[in-house]
**Student:** 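Take a look at the following structure, please.
Just the heavy atoms: all of them, side chains too, but no hydrogens, waters or symmetry mates, feed the values below. This one's a predicted model, so the numbers in the text were calculated from it and none came from an experiment. Throughout, protein chains are lettered first and strands after them, A, B, ... in sequence-line order, and every chain is numbered starting at 1.
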Amino acid sequence: MAQNKEHSEHHVIPFKILSNVMIGLLVLTVLTVVTAKGIHLGVLAAPVAFLIAFVKAMMVMMYFMGLKYDTRGNQVIFATGFIFLAVLFFTCAFDIWTRIQVQSTL
Amino acid sequence: MTTEILMFGGLFVGYFLMHGAYPEMFAEGASHLSWQLGATNTVVLIVSSWTMALSIHFIQVGKNSKATWTLITTLACGGIFMIIKAIEYKSKFDHGLLPGKFFSAEHFEHANLAMYYGFYFCMTGLHGAHVLIGMSLIAWVLIRHLRGDFNPHYFTAVEGVGIFWHIVDLVWIFLFPLLYLVG
């Protein structure tokens with residue numbers, strides 16, 4: 001979405017890159033199902049599924065949304081959303097953890 | 001779009017914390033879902049995200065008729081997603097697997113299983129609403145595209161709707177493993 005008077009043309013993401021990303025996303029979806037249903041990872045199952053989802057999400061944001069070719073400003077704005085999400089998660093998790101410490105229950 | 005992440009983010013945080021507190025109950029809840037239907041919907045949304053990105057690509061390079069078809073395919077994929085979702089919801093309604101006080105299923109192990117379905121319906125319901133809104137927006141840009149409003153120098157509306165649609169895909173990428181697989 002970078003736009004100024006000198007470079008009013010947007011970056012055209014090549015057909016091949018978009019198609020490769022789509023194939024990559026499908027392969028990772030198969031990998032998600034295989035790791036969850038095919039092999040028993042036990043306690044690692046959730047982190048592995050989440051890690052694959054994170055990689056897929058990055059692919060969608062960088063290439064489909066075009067953030068990779070976007071201005072630094074827009075990239076920072078997008079990242080800010082995730083930073084505040086992490087703040088929300090950690091404060092809530094800390095609240096529950098300390099509650100269990102004090103009351104031995106939720 | 002960043003606020004969208006935060007809106008769904010609140011539900012995800014709730015899911016993680018309650019999943020940490022009652023992992024077995026969440027696993028039982030997930031076992032009642034069809035991961036095959038969830039995986040099919042994941043593929044449908046990934047393909048639709050690809051065709052949406054291609055629509056912008058084709059408009060940028062002046063291939064308008066190809067852009068029309070990729071926009072129609074994106075819309076069709078949204079429709080397929082909602083049909084599969086409706087089949088899933090129907091099965092949950094029939095078995096009484098509903099949130100809170102509406103829960104009326106029999107033969108279950110965990111007394112608080114209704115909480116899992118609270119998360120399931122809130123998260124997939126909010127996501128489904130986004131799919132419907134996204135489909136309306138795609139229909140709108142499709143009509144404008146057919147009217148000849150867009151060209152390689154002006155396609156802001158398609159780009160904006162595209163980013164919204166990718167957010168819909170993005171959220172589902174996390175919902176699928178969390179609700180259907182790990183549980």
Side-chain angles (χ1 to χ4, degrees), chain A residues 1 3 8-15 17-19 21-26 28-30 32-33 35-37 43 45-50 52-57 59-61 63-67 74 77-82 84-86 88-93 95-97 100 105-106, chain B residues 1-6 8-10 12-14 16-23 26-27 30 35-36 38-39 42-43 45-47 49-54 56-61 66 152-153 155-156 159-160 162-163 165-167 169-178 180-183:
Chain A
M1 274 176 276
Q3 216 169 10
S8 61
E9 293 301 314
H10 287 208
H11 181 87
V12 180
I13 305 166
F15 178 87
I17 288 184
L18 292 174
S19 304
V21 168
M22 189 270 288
I23 292 164
L25 288 170
L26 291 181
L28 286 175
T29 304
V30 172
T32 311
V33 174
T35 50
K37 294 283 166 192
V43 286
V48 166
F50 195 73
I52 298 173
F54 179 76
V55 173
K56 286 168 79 179
M59 287 164 76
V60 170
M61 287 191 288
Y63 296 98
F64 282 174
M65 290 189 188
L67 266 180
N74 280 335
I77 289 170
F78 232 82
T80 313
F82 288 97
F84 277 97
L85 191 57
L88 176 69
F89 176 76
F90 285 111
T91 37
C92 290
D95 171 37
I96 287 197
W97 183 64
I100 293 172
T105 176
L106 275 177
Chain B
M1 290 308 127
T2 310
T3 57
E4 288 283 331
I5 293 167
L6 291 172
F8 279 99
F12 276 110
V13 168
F16 278 119
L17 296 179
M18 287 302 119
H19 179 261
Y22 311 106
F26 271 71
W35 67 266
Q36 292 90 342
T42 310
V43 172
L45 274 195
I46 287 172
V47 170
S49 241
W50 173 59
T51 53
M52 188 72 228
L54 284 183
I56 297 164
H57 169 88
F58 287 136
I59 291 173
Q60 283 175 322
V61 295
K66 281 189 175 175
H153 304 288
F155 50 87
T156 312
E159 207 172 28
I163 288 176
W165 192 252
H166 297 314
I167 290 269
D169 185 26
L170 199 71
V171 171
W172 187 258
I173 281 174
F174 285 102
L175 281 181
F176 170 58
L178 291 184
Y180 291 76
L181 298 177
V182 175

**Student:** With chain B, which of A/V60, A/L88, A/I13, A/L18 has the greatest number of heavy-atom pairs at distances under 4.5 Å?
**Tutor:** A/L18

**Student:** Does A/M22 form a side-chain contact (heavy atoms from CB on, under 4.5 Å) with B/T51? I'd like the steps, not just the answer.
**Tutor:** CA-CA 9 Å; A/M22 189 270 288; B/T51 53; over 6 Å; no

**Student:** Once the angle between the rings of B/H57 and A/F15 is folded into 0 to 90°, is it parallel (under 30°), tilted (30 to 60°) or perpendicular (over 60°)?
**Tutor:** tilted

**Student:** Chain A: which of B/L6, B/I46, B/L54 shares the most heavy-atom pairs with it under 4.5 Å?
**Tutor:** B/I46

**Student:** Please name the pair of heavy atoms, one in B/P177 and one in A/T32, separated by the smallest distance, quoted to 0.1 Å.
**Tutor:** CB-CG2, 4.0 Å

**Student:** Checking B/S49 against chain A: side chain, backbone, both or neither under 4.5 Å from a heavy atom?
**Tutor:** both

**Student:** Examine whether an atom of B/V61 lies under 4.5 Å from a heavy atom of chain A, and if so say whether it belongs to the side chain, the backbone or both; otherwise answer neither.
**Tutor:** side chain

**Student:** Only pairs of heavy atoms separated by less than 4.5 Å count here; which of A/F78, A/F54, A/Y63 has the most with chain B?
**Tutor:** A/F78

**Student:** For chain B, find which of A/A36, A/A49, A/A53, A/G81 contributes the most heavy-atom pairs closer than 4.5 angstrom.
**Tutor:** A/A53

**Student:** Could you check if a side-chain atom of B/W165 sits within less than 4.5 angstrom of a side-chain atom of B/L45, using non-hydrogen atoms only?
**Tutor:** yes

**Student:** Report the option among A/L25, A/V30, A/V21 that has the most heavy-atom pairs separated by less than 4.5 Å from atoms of chain B.
**Tutor:** A/L25

**Student:** Contact between A/K56 and A/I52 at the side-chain level, heavy atoms closer than 4.5 Å - yes or no?
**Tutor:** yes

**Student:** I need the residue from A/F64, A/F89, A/F82, A/F84 with the largest number of non-hydrogen atom pairs under 4.5 Å to chain B.
**Tutor:** A/F64

**Student:** Show the nearest heavy-atom pair for residues B/I163 and A/M65, with the distance to one decimal.
**Tutor:** O-CE, 3.9 Å

**Student:** Considering only heavy atoms, which portion of B/I56 lies under 4.5 Å from any heavy atom of chain A: side chain, backbone, both, or neither?
**Tutor:** neither

**Student:** Before giving the answer on side-chain contact (heavy atoms from CB on, under 4.5 Å), spell out for B/Y180 and A/V33 the whole-Å C-alpha distance, their side-chain angles and the decisive distance to 0.1 Å.
**Tutor:** CA-CA 10 Å; B/Y180 291 76; A/V33 174; over 6 Å; no

**Student:** Indicate yes or no: at least one non-hydrogen side-chain atom of B/F12 is less than 4.5 angstrom from one of B/L178.
**Tutor:** yes

**Student:** Among A/T35, A/L28, A/L85, single out the residue with the greatest number of heavy-atom pairs under 4.5 Å to chain B.
**Tutor:** A/L85

**Student:** Where does B/W35 contact chain A at under 4.5 Å (heavy atoms): side chain, backbone, both or neither?
**Tutor:** side chain

**Student:** For A/I77, is it the side chain, the backbone, both, or neither that has a heavy atom closer than 4.5 Å to a heavy atom of chain B?
**Tutor:** both

